[in-house]
Amino acid sequence: MNEELELNKLGQRIKELRIAAGYDTPEAFAKDYDIPIEEYLLYEQGVDMDLLTVLALTMFLGITPTLFFKGL
């Protein structure tokens, strides 16, 4: 398994879901959910994050963890 590739796919998924939720920019999403923009941009770049962060993002996006990981 190539962890870097999988993390990049995860970052791309976060970006896709943000856009699907109606947020054209990462800045708008980060601001609405009080996430430092520098930190949020790392998520979209596929930086390794803990499970609590992933769960928080699913709540902010209004989706289930299952839907979040679907297609990865």
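The residues of the chain are indexed from 1 along the displayed sequence.
Listed by chain and number, the residues in a side-chain contact (heavy atoms from CB on, under 4.5 Å) with Ile37 are Pro26, Glu27, Ala30, Leu41 (sequence neighbours excluded).
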Go through it in stages, so that I can follow the logic: the residues are Glu4 and Asn8, the test is side chain to side chain contact (heavy atoms under 4.5 Å, CB included), and I'd like the CA-CA distance, side-chain angles, deciding distance and then a yes or no. CA-CA 6 Å; Glu4 186 175 334; Asn8 285 336; 4.1 Å; yes
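A single hydrophobic cluster is seen to contain both Leu67 and Met49, as judged by linkage of ILVMFWY side chains at heavy-atom distances under 4.5 Å, directly or through other members.
Residues Phe29 and Ile19 form no side-chain contact, since every pair of their non-hydrogen atoms from C-beta on lies 4.5 Å or further apart.
Here the closest non-hydrogen pair linking Tyr33 and Phe60 is OH-O, 3.1 Å. Shown here for Tyr23 and Arg18, the closest heavy-atom pair between the two residues is O-NH1, 2.9 Å. For Leu17 against Ile63, the heavy-atom pair with the smallest separation is CD1-CD1, 3.5 Å. Nearest heavy atom pair, residue Leu61 against residue Ala21, reads CD2-CB, 4.0 Å. For the pair Ile14 and Leu57, the tightest heavy-atom approach, listed with the atom from each and the gap, is CD1-CD1, 3.9 Å.
Note: Gln12 CD to Lys15 NZ = 5.5 Å, rounded to the nearest 0.5 Å. The distance from atom CG of Asp48 to atom CG of Leu42, rounded to the nearest 0.5 Å, is 11.5 Å.
Formation of a donor-acceptor pair under 3.5 Å by the Arg13 side chain with backbone atoms of Phe69 is not found in this model.
Counting non-hydrogen atoms of neighbouring residues, nucleotides and ligands closer than 6.0 angstrom, the CG atom of Asp34 reaches no more than 12 such neighbours.
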